[in-house]
Amino acid sequence: MIKNGHHPINTTGKDAGTNLGATACSPEKRRRTIRVWCDGCFWWSVCEISQHKGPPVFTQDERYKMVRAIKWVDEIVEGAPYVTTLETLDKYTSDFCVHGDDITLTVDGKDTYEEVKRSGRYRECKRTQGVSTTDLVGRMLLMTKAHHSNIGHSDYQQHTDNFGKGPKGHSPWTGVSQFLQTSQKIIQFASGQEPQPGDTIIYVAGAFDLFHIGHVDFLEAVSRLSDKPYVIVGLHFDQEVNRYKGKNYPIMNVHERTLSVLACRYVSEVVIGAPYAVTRELLDHFKVDLVCHGKTEVHPDKDGSDPYAEPRKKGILHTVDSMNSLTTDSIVQRIIKNRLLFEARNQKKEAKEMAVIQAMKRREEEKGKERAQAVL
Ligand code: C5P
(Lines give C-alpha, C1' and ligand atoms only; values in the text may rest on other atoms or scores of the structure.)
Protein backbone atom coordinates (compact mmCIF):
# COMPACT_ATOMS: atom_id res chain seq x y z
CA MET A 1 0.00 0.00 0.00
CA ILE A 2 1.10 3.56 -0.52
CA LYS A 3 0.64 6.44 1.86
CA ASN A 4 0.84 9.98 0.53
CA GLY A 5 1.95 12.43 3.20
CA HIS A 6 2.49 16.16 2.95
CA HIS A 7 5.79 16.32 4.75
CA PRO A 8 8.83 18.44 4.05
CA ILE A 9 11.45 16.36 2.29
CA ASN A 10 14.15 15.23 4.62
CA THR A 11 17.45 15.69 2.93
CA THR A 12 19.51 14.65 5.94
CA GLY A 13 18.64 10.99 5.60
CA LYS A 14 19.13 10.69 9.36
CA ASP A 15 15.65 10.08 10.56
CA ALA A 16 14.69 6.62 11.58
CA GLY A 17 11.57 6.12 13.57
CA THR A 18 8.01 7.15 13.34
CA ASN A 19 8.28 10.83 12.45
CA LEU A 20 9.35 9.95 8.92
CA GLY A 21 11.40 13.09 8.62
CA ALA A 22 8.55 15.47 9.32
CA THR A 23 10.47 17.31 12.02
CA ALA A 24 13.97 16.86 10.74
CA CYS A 25 14.16 19.74 8.27
CA SER A 26 13.65 23.48 8.29
CA PRO A 27 10.34 25.07 7.25
CA GLU A 28 11.91 26.76 4.23
CA LYS A 29 12.63 23.35 2.65
CA ARG A 30 10.48 22.62 -0.36
CA ARG A 31 7.25 20.82 0.45
CA ARG A 32 5.80 18.10 -1.71
CA THR A 33 3.87 14.91 -1.29
CA ILE A 34 5.97 12.15 0.17
CA ARG A 35 4.94 8.72 -1.06
CA VAL A 36 5.58 5.96 1.42
CA TRP A 37 5.59 2.29 0.45
CA CYS A 38 4.35 -0.12 3.16
CA ASP A 39 4.19 -3.72 2.11
CA GLY A 40 3.12 -6.60 4.22
CA CYS A 41 0.84 -9.49 4.59
CA PHE A 42 -1.95 -7.66 6.40
CA TRP A 43 -3.37 -10.84 7.82
CA TRP A 44 -1.71 -13.48 5.79
CA SER A 45 -0.34 -11.53 2.92
CA VAL A 46 -1.13 -9.39 -0.07
CA CYS A 47 1.88 -10.72 -1.90
CA GLU A 48 3.46 -14.02 -2.83
CA ILE A 49 2.31 -15.56 0.37
CA SER A 50 2.25 -19.33 0.30
CA GLN A 51 5.97 -19.78 -0.16
CA HIS A 52 6.90 -17.38 2.63
CA LYS A 53 4.18 -17.13 5.23
CA GLY A 54 1.97 -20.16 5.47
CA PRO A 55 -1.74 -20.67 4.83
CA PRO A 56 -3.90 -17.65 4.02
CA VAL A 57 -6.99 -17.09 6.18
CA PHE A 58 -8.47 -14.41 4.00
CA THR A 59 -8.73 -14.43 0.25
CA GLN A 60 -6.71 -11.95 -1.73
CA ASP A 61 -9.76 -9.81 -2.48
CA GLU A 62 -10.78 -9.77 1.17
CA ARG A 63 -7.36 -8.51 2.18
CA TYR A 64 -7.24 -5.83 -0.52
CA LYS A 65 -10.65 -4.56 0.54
CA MET A 66 -9.66 -4.55 4.20
CA VAL A 67 -6.50 -2.54 3.61
CA ARG A 68 -8.43 -0.09 1.40
CA ALA A 69 -10.74 0.61 4.35
CA ILE A 70 -7.83 1.78 6.52
CA LYS A 71 -8.07 5.53 6.74
CA TRP A 72 -4.35 6.25 6.27
CA VAL A 73 -4.07 4.31 3.00
CA ASP A 74 -4.14 6.28 -0.26
CA GLU A 75 -3.38 3.61 -2.86
CA ILE A 76 -3.06 -0.14 -3.05
CA VAL A 77 -0.63 -2.10 -5.19
CA GLU A 78 -2.12 -5.52 -5.75
CA GLY A 79 0.21 -8.50 -6.03
CA ALA A 80 3.23 -6.69 -4.66
CA PRO A 81 6.44 -8.74 -4.57
CA TYR A 82 7.46 -10.22 -1.21
CA VAL A 83 10.98 -8.82 -1.38
CA THR A 84 11.05 -5.03 -1.63
CA THR A 85 13.50 -3.80 -4.23
CA LEU A 86 14.57 -0.33 -5.41
CA GLU A 87 12.95 -1.18 -8.73
CA THR A 88 9.59 -1.57 -6.98
CA LEU A 89 9.97 1.72 -5.09
CA ASP A 90 10.83 3.52 -8.34
CA LYS A 91 8.06 1.84 -10.29
CA TYR A 92 5.50 3.20 -7.82
CA THR A 93 7.33 6.51 -7.33
CA SER A 94 7.74 5.87 -3.64
CA ASP A 95 10.31 7.93 -1.74
CA PHE A 96 11.02 5.19 0.76
CA CYS A 97 9.44 2.21 2.42
CA VAL A 98 8.46 1.75 6.04
CA HIS A 99 8.32 -1.44 8.04
CA GLY A 100 7.90 -2.35 11.72
CA ASP A 101 10.98 -3.17 13.78
CA ASP A 102 10.57 -6.93 13.62
CA ILE A 103 12.64 -8.95 11.23
CA THR A 104 11.26 -10.33 7.97
CA LEU A 105 13.19 -13.01 6.18
CA THR A 106 12.92 -14.71 2.82
CA VAL A 107 12.74 -18.50 2.53
CA ASP A 108 16.55 -18.56 2.37
CA GLY A 109 16.87 -16.53 5.58
CA LYS A 110 17.77 -13.19 3.98
CA ASP A 111 16.44 -9.82 5.18
CA THR A 112 13.69 -8.85 2.70
CA TYR A 113 14.67 -5.17 3.01
CA GLU A 114 18.41 -5.61 2.49
CA GLU A 115 18.55 -3.65 -0.78
CA VAL A 116 16.41 -0.68 0.28
CA LYS A 117 18.20 -0.50 3.64
CA ARG A 118 21.58 -0.30 1.90
CA SER A 119 20.39 2.54 -0.32
CA GLY A 120 18.94 4.58 2.57
CA ARG A 121 15.37 4.26 1.36
CA TYR A 122 14.13 2.38 4.40
CA ARG A 123 12.51 3.73 7.58
CA GLU A 124 11.43 1.78 10.59
CA CYS A 125 8.65 2.31 13.08
CA LYS A 126 8.04 0.51 16.36
CA ARG A 127 5.72 -2.44 16.11
CA THR A 128 2.61 -2.12 18.25
CA GLN A 129 3.60 -4.07 21.34
CA GLY A 130 1.45 -7.03 22.10
CA VAL A 131 -0.61 -7.15 18.92
CA SER A 132 0.38 -9.95 16.61
CA THR A 133 -1.53 -12.24 14.32
CA THR A 134 0.26 -15.15 15.93
CA ASP A 135 -1.05 -14.16 19.35
CA LEU A 136 -4.61 -13.81 18.02
CA VAL A 137 -4.45 -17.23 16.41
CA GLY A 138 -3.20 -18.64 19.71
CA ARG A 139 -6.21 -17.18 21.54
CA MET A 140 -8.56 -18.83 19.04
CA LEU A 141 -6.88 -22.22 19.16
CA LEU A 142 -6.28 -22.37 22.90
CA MET A 143 -9.71 -20.93 23.78
CA THR A 144 -8.18 -18.79 26.56
CA LYS A 145 -9.80 -15.72 28.06
CA ALA A 146 -6.61 -14.24 29.49
CA HIS A 147 -6.75 -11.41 26.95
CA HIS A 148 -10.07 -10.08 28.28
CA SER A 149 -9.77 -6.74 30.00
CA ASN A 150 -11.48 -7.84 33.23
CA ILE A 151 -8.55 -7.79 35.60
CA GLY A 152 -10.17 -9.98 38.25
CA HIS A 153 -10.03 -12.98 35.92
CA SER A 154 -7.84 -15.81 37.21
CA ASP A 155 -6.03 -16.26 33.87
CA TYR A 156 -5.00 -12.62 33.87
CA GLN A 157 -2.35 -12.77 36.61
CA GLN A 158 -0.65 -15.69 34.94
CA HIS A 159 -0.65 -13.78 31.67
CA THR A 160 0.71 -10.52 33.11
CA ASP A 161 3.44 -12.42 34.98
CA ASN A 162 4.71 -13.33 31.57
CA PHE A 163 4.36 -9.83 30.19
CA GLY A 164 7.33 -8.47 28.33
CA LYS A 165 9.38 -11.63 28.76
CA GLY A 166 7.77 -13.95 26.28
CA PRO A 167 7.93 -17.69 26.81
CA LYS A 168 11.48 -18.84 27.60
CA GLY A 169 13.52 -19.70 24.54
CA HIS A 170 11.03 -18.14 22.15
CA SER A 171 11.50 -15.36 19.68
CA PRO A 172 10.57 -11.89 21.01
CA TRP A 173 8.83 -11.18 17.68
CA THR A 174 6.61 -14.21 17.49
CA GLY A 175 6.05 -14.81 21.22
CA VAL A 176 2.89 -14.00 23.15
CA SER A 177 2.59 -10.61 24.79
CA GLN A 178 -0.13 -8.26 25.87
CA PHE A 179 -1.21 -4.98 24.43
CA LEU A 180 -1.41 -2.01 26.79
CA GLN A 181 -3.74 0.77 25.77
CA THR A 182 -2.56 4.35 26.18
CA SER A 183 -4.18 7.73 25.55
CA GLN A 184 -1.40 8.52 23.04
CA LYS A 185 -2.35 5.49 20.98
CA ILE A 186 -6.00 6.49 20.94
CA ILE A 187 -5.06 10.05 19.91
CA GLN A 188 -3.02 8.68 16.99
CA PHE A 189 -5.99 6.65 15.78
CA ALA A 190 -8.89 9.01 16.53
CA SER A 191 -10.24 11.50 14.01
CA GLY A 192 -10.49 14.25 16.61
CA GLN A 193 -13.47 15.60 14.65
CA GLU A 194 -16.67 16.63 16.38
CA PRO A 195 -19.96 16.38 14.52
CA GLN A 196 -20.60 19.47 12.38
CA PRO A 197 -23.97 21.19 11.86
CA GLY A 198 -25.87 19.28 9.17
CA ASP A 199 -24.14 15.97 9.91
CA THR A 200 -26.33 12.90 10.29
CA ILE A 201 -25.29 11.24 13.54
CA ILE A 202 -25.54 7.49 13.08
CA TYR A 203 -25.08 5.12 15.99
CA VAL A 204 -24.19 1.44 15.63
CA ALA A 205 -23.27 -0.97 18.41
CA GLY A 206 -21.65 -4.37 18.63
CA ALA A 207 -18.58 -6.41 19.38
CA PHE A 208 -16.70 -5.71 16.13
CA ASP A 209 -14.42 -8.58 17.12
CA LEU A 210 -11.57 -9.51 14.74
CA PHE A 211 -12.65 -6.50 12.71
CA HIS A 212 -13.28 -7.92 9.25
CA ILE A 213 -14.68 -7.05 5.81
CA GLY A 214 -18.21 -7.94 6.93
CA HIS A 215 -17.86 -5.05 9.39
CA VAL A 216 -16.27 -2.85 6.74
CA ASP A 217 -19.09 -3.51 4.27
CA PHE A 218 -21.64 -2.81 6.99
CA LEU A 219 -20.00 0.47 8.04
CA GLU A 220 -19.59 1.55 4.42
CA ALA A 221 -23.29 0.89 3.77
CA VAL A 222 -24.17 2.77 6.97
CA SER A 223 -22.07 5.79 5.98
CA ARG A 224 -23.78 5.85 2.56
CA LEU A 225 -27.11 6.57 4.24
CA SER A 226 -26.20 10.25 4.38
CA ASP A 227 -24.16 12.82 2.43
CA LYS A 228 -22.65 13.96 5.69
CA PRO A 229 -22.48 10.92 7.97
CA TYR A 230 -20.96 11.02 11.44
CA VAL A 231 -20.72 7.38 12.43
CA ILE A 232 -20.39 6.52 16.12
CA VAL A 233 -19.53 2.91 16.95
CA GLY A 234 -20.50 1.70 20.43
CA LEU A 235 -18.20 -1.14 21.50
CA HIS A 236 -19.44 -3.51 24.18
CA PHE A 237 -17.08 -4.43 27.00
CA ASP A 238 -15.50 -7.90 26.93
CA GLN A 239 -17.70 -9.30 29.71
CA GLU A 240 -20.81 -8.12 27.88
CA VAL A 241 -19.71 -9.73 24.60
CA ASN A 242 -18.84 -12.90 26.47
CA ARG A 243 -22.30 -12.94 28.05
CA TYR A 244 -24.10 -13.02 24.71
CA LYS A 245 -21.51 -14.82 22.55
CA GLY A 246 -20.09 -17.34 25.04
CA LYS A 247 -16.93 -19.48 24.60
CA ASN A 248 -13.87 -17.24 24.87
CA TYR A 249 -15.34 -14.41 22.80
CA PRO A 250 -14.34 -11.69 22.18
CA ILE A 251 -11.01 -12.82 20.72
CA MET A 252 -9.80 -9.22 20.78
CA ASN A 253 -10.26 -7.27 23.98
CA VAL A 254 -12.01 -3.91 24.06
CA HIS A 255 -8.70 -1.98 23.79
CA GLU A 256 -7.67 -3.82 20.65
CA ARG A 257 -11.15 -3.57 19.16
CA THR A 258 -11.15 0.19 19.80
CA LEU A 259 -8.08 0.71 17.65
CA SER A 260 -9.21 -1.61 14.83
CA VAL A 261 -12.53 0.20 14.55
CA LEU A 262 -10.94 3.67 14.77
CA ALA A 263 -8.61 2.74 11.91
CA CYS A 264 -11.60 2.32 9.59
CA ARG A 265 -12.27 5.24 7.26
CA TYR A 266 -16.05 5.08 7.75
CA VAL A 267 -15.88 5.60 11.52
CA SER A 268 -15.92 9.02 13.18
CA GLU A 269 -16.03 8.12 16.87
CA VAL A 270 -15.98 5.12 19.20
CA VAL A 271 -17.73 4.66 22.54
CA ILE A 272 -15.44 2.39 24.57
CA GLY A 273 -17.72 0.15 26.60
CA ALA A 274 -21.14 1.15 25.30
CA PRO A 275 -24.19 -0.04 27.25
CA TYR A 276 -25.79 -3.07 25.66
CA ALA A 277 -29.21 -1.48 25.42
CA VAL A 278 -29.40 1.66 23.27
CA THR A 279 -31.03 3.87 25.88
CA ARG A 280 -32.83 7.19 25.56
CA GLU A 281 -29.98 8.81 27.55
CA LEU A 282 -27.42 7.56 25.04
CA LEU A 283 -29.49 8.77 22.07
CA ASP A 284 -29.91 12.22 23.68
CA HIS A 285 -26.29 12.45 24.77
CA PHE A 286 -24.92 11.91 21.26
CA LYS A 287 -27.90 13.58 19.51
CA VAL A 288 -28.32 10.43 17.45
CA ASP A 289 -30.43 10.75 14.26
CA LEU A 290 -30.28 7.11 13.21
CA VAL A 291 -29.44 3.74 14.78
CA CYS A 292 -28.38 0.90 12.48
CA HIS A 293 -27.90 -2.83 12.81
CA GLY A 294 -26.91 -5.33 10.14
CA LYS A 295 -28.84 -8.46 9.22
CA THR A 296 -27.14 -10.55 11.90
CA GLU A 297 -28.99 -11.78 14.95
CA VAL A 298 -29.80 -9.32 17.75
CA HIS A 299 -29.12 -11.03 21.09
CA PRO A 300 -31.50 -10.04 23.90
CA ASP A 301 -30.28 -8.08 26.92
CA LYS A 302 -29.63 -9.80 30.31
CA ASP A 303 -33.30 -9.51 31.30
CA GLY A 304 -34.44 -10.81 27.94
CA SER A 305 -35.45 -7.37 26.63
CA ASP A 306 -34.78 -5.96 23.16
CA PRO A 307 -31.64 -3.74 23.25
CA TYR A 308 -33.08 -1.66 20.38
CA ALA A 309 -36.49 -1.07 22.00
CA GLU A 310 -35.92 2.68 22.40
CA PRO A 311 -34.75 3.54 18.85
CA ARG A 312 -37.45 1.21 17.50
CA LYS A 313 -40.05 3.17 19.47
CA LYS A 314 -38.67 6.47 18.12
CA GLY A 315 -38.75 5.11 14.55
CA ILE A 316 -35.03 5.68 14.00
CA LEU A 317 -33.86 2.04 13.81
CA HIS A 318 -32.66 0.92 10.37
CA THR A 319 -31.64 -2.52 9.24
CA VAL A 320 -28.69 -2.26 6.87
CA ASP A 321 -27.74 -5.08 4.53
CA SER A 322 -23.95 -5.40 4.33
CA MET A 323 -24.39 -8.00 1.51
CA ASN A 324 -21.60 -9.89 3.23
CA SER A 325 -22.08 -13.04 5.26
CA LEU A 326 -18.65 -13.12 6.91
CA THR A 327 -18.75 -13.33 10.70
CA THR A 328 -16.20 -13.48 13.50
CA ASP A 329 -17.17 -17.13 14.07
CA SER A 330 -16.50 -18.06 10.46
CA ILE A 331 -13.01 -16.56 10.69
CA VAL A 332 -12.32 -18.61 13.82
CA GLN A 333 -13.60 -21.70 11.96
CA ARG A 334 -11.25 -21.00 9.04
CA ILE A 335 -8.34 -20.75 11.45
CA ILE A 336 -9.22 -23.93 13.31
CA LYS A 337 -9.39 -25.70 9.96
CA ASN A 338 -5.89 -24.49 9.16
CA ARG A 339 -4.60 -25.22 12.64
CA LEU A 340 -1.85 -27.67 11.77
CA LEU A 341 -0.56 -25.49 8.98
CA PHE A 342 -0.44 -22.51 11.33
CA GLU A 343 1.44 -24.40 13.98
CA ALA A 344 4.00 -25.57 11.43
CA ARG A 345 4.32 -22.02 10.10
CA ASN A 346 4.86 -20.60 13.58
CA GLN A 347 7.48 -23.13 14.50
CA LYS A 348 9.36 -22.40 11.28
CA LYS A 349 9.07 -18.63 11.78
CA GLU A 350 10.32 -18.84 15.36
CA ALA A 351 13.20 -21.11 14.40
CA LYS A 352 14.30 -18.62 11.73
CA GLU A 353 14.01 -15.70 14.14
CA MET A 354 15.90 -17.58 16.86
CA ALA A 355 18.71 -18.27 14.38
CA VAL A 356 18.91 -14.54 13.63
CA ILE A 357 18.99 -13.70 17.36
CA GLN A 358 21.79 -16.23 17.95
CA ALA A 359 23.78 -14.80 15.04
CA MET A 360 23.29 -11.24 16.37
CA LYS A 361 24.40 -12.37 19.85
CA ARG A 362 27.50 -14.09 18.46
CA ARG A 363 28.40 -10.96 16.49
CA GLU A 364 28.05 -8.83 19.65
CA GLU A 365 30.22 -11.26 21.64
CA GLU A 366 32.91 -11.27 18.95
CA LYS A 367 32.88 -7.47 18.86
CA GLY A 368 33.22 -7.39 22.67
CA LYS A 369 36.20 -9.76 22.54
CA GLU A 370 37.85 -7.66 19.81
CA ARG A 371 37.38 -4.53 21.91
CA ALA A 372 38.86 -6.23 25.00
CA GLN A 373 41.89 -7.41 23.00
CA ALA A 374 42.41 -3.91 21.57
CA VAL A 375 42.52 -2.49 25.13
CA LEU A 376 45.16 -5.08 26.17
O1 C5P B 1 -21.33 -9.17 15.30
P2 C5P B 1 -20.89 -7.77 15.60
O3 C5P B 1 -21.43 -7.26 16.92
O4 C5P B 1 -19.44 -7.58 15.50
O5 C5P B 1 -21.56 -6.87 14.46
C6 C5P B 1 -21.49 -5.47 14.46
C7 C5P B 1 -22.44 -4.94 13.40
O8 C5P B 1 -21.99 -5.32 12.09
C9 C5P B 1 -23.86 -5.50 13.56
O10 C5P B 1 -24.80 -4.48 13.25
C11 C5P B 1 -23.90 -6.59 12.50
O12 C5P B 1 -25.21 -6.89 12.06
C13 C5P B 1 -23.07 -5.97 11.39
N14 C5P B 1 -22.52 -6.96 10.45
C15 C5P B 1 -22.99 -7.01 9.13
N16 C5P B 1 -22.50 -7.94 8.26
C17 C5P B 1 -21.54 -8.82 8.64
C18 C5P B 1 -21.05 -8.80 9.96
C19 C5P B 1 -21.56 -7.85 10.85
O20 C5P B 1 -23.87 -6.23 8.76
N21 C5P B 1 -21.09 -9.72 7.76
Side-chain angles (χ1 to χ4, degrees), residues 43 57-59 61-66 68-69 136 139-140 147-149 200-226 229-278 282-283 286 288-302 306-312 316-335:
W43 262 85
V57 175
F58 297 119
T59 66
D61 286 342
E62 286 173 338
R63 280 176 284 115
Y64 292 150
K65 204 170 186 183
M66 201 67 203
R68 259 189 200 105
L136 290 179
R139 294 176 195 181
M140 293 175 222
H147 57 278
H148 287 181
S149 57
T200 308
I201 300 176
I202 310 176
Y203 182 77
V204 301
F208 292 88
D209 192 15
L210 293 177
F211 194 72
H212 54 73
I213 348 128
H215 293 131
V216 169
D217 283 336
F218 168 68
L219 291 167
E220 186 183 4
V222 163
S223 72
R224 286 227 183 98
L225 293 173
S226 162
Y230 188 92
V231 177
I232 304 176
V233 175
L235 286 180
H236 302 138
F237 275 135
D238 301 337
Q239 274 156 307
E240 190 70 62
V241 176
N242 193 250
R243 174 189 67 77
Y244 66 83
K245 289 219 54 184
K247 295 188 189 160
N248 68 332
Y249 288 113
I251 303 297
M252 281 179 147
N253 67 39
V254 72
H255 303 304
E256 295 158 342
R257 291 184 282 123
T258 299
L259 297 188
S260 335
V261 172
L262 278 176
C264 176
R265 62 171 75 249
Y266 307 112
V267 174
S268 313
E269 176 69 302
V270 165
V271 183
I272 306 164
Y276 191 67
V278 182
L282 185 143
L283 296 176
F286 293 109
V288 175
D289 298 304
L290 222 55
V291 176
C292 297
H293 191 91
K295 295 196 105 178
T296 63
E297 180 190 356
V298 175
H299 302 272
D301 204 346
K302 278 183 270 315
D306 171 14
Y308 290 118
E310 190 61 33
R312 210 184 290 278
I316 58 166
L317 182 68
H318 279 239
T319 301
V320 170
D321 190 352
S322 66
M323 314 276 274
N324 189 325
S325 59
L326 192 69
T327 62
T328 304
D329 305 68
S330 58
I331 294 169
V332 174
Q333 287 319 310
R334 287 186 195 183
I335 288 174

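Atoms within a ligand are numbered from 1 in the order they appear, just like the ligands themselves. Just so it is clear, the structure is predicted and the values come from calculations on it, not from any experiment.
Comparing T296, V216, D217 against atom 11 (C) of ligand 1, the shortest heavy-atom distance belongs to T296. With atom 4 (O) of ligand 1 as the reference point, the heavy atom nearest to it among H293, E297, H215 is part of H215.
D209 places none of its side-chain heavy atoms less than 4.5 Å from the side chain of K245.
An N or O contact shorter than 3.5 Å links A207 to ligand 1 by distance. Checked against a 3.5 angstrom limit, the closest N/O atoms of T328 and ligand 1 fall outside it.
Of the possible polar contacts, one joining the Y276 side chain to the H299 backbone as a donor-acceptor pair under 3.5 Å is found. Between the side chain of D301 and the backbone N or O of D306 there is no donor-acceptor pair closer than 3.5 Å. In this structure, E62 contributes its side chain and T59 its backbone to a donor-acceptor pair below 3.5 Å.
Atom 18 (C) of ligand 1 has its closest protein heavy atom at L326 O, 3.5 Å. F218 CD2, 3.3 Å is the protein heavy atom nearest to atom 8 (O) of ligand 1. Counting protein heavy atoms only, atom 6 (C) of ligand 1 is closest to F208 CZ, 3.5 Å. In this structure, the protein non-hydrogen atom closest to atom 10 (O) of ligand 1 is G294 N, 2.9 Å. At the top of the distance list for atom 15 (C) of ligand 1, counting protein heavy atoms only, stands S322 OG, 3.5 Å.
For the pair N324 and ligand 1, a heavy-atom separation below 4.0 Å is found.
T200 and D289 form no side-chain donor-acceptor contact under 3.5 Å, judged by distance and modelled atom types alone.
Here is the list of ligand 1 atoms found below 4.0 Å of a heavy atom in G206: 3 (O).
Separation of atoms CE (M252) and OG1 (T258) is listed at 10.5 Å; rounding is to 0.5 Å.
When each of I202, I272, L262, V261 is paired with V233, the side-chain contact (heavy atoms from CB on, under 4.5 Å) condition holds for V261 and for no other.
Between Y203 and F286, the ring-plane angle classifies as parallel under the 30° and 60° cut-offs.
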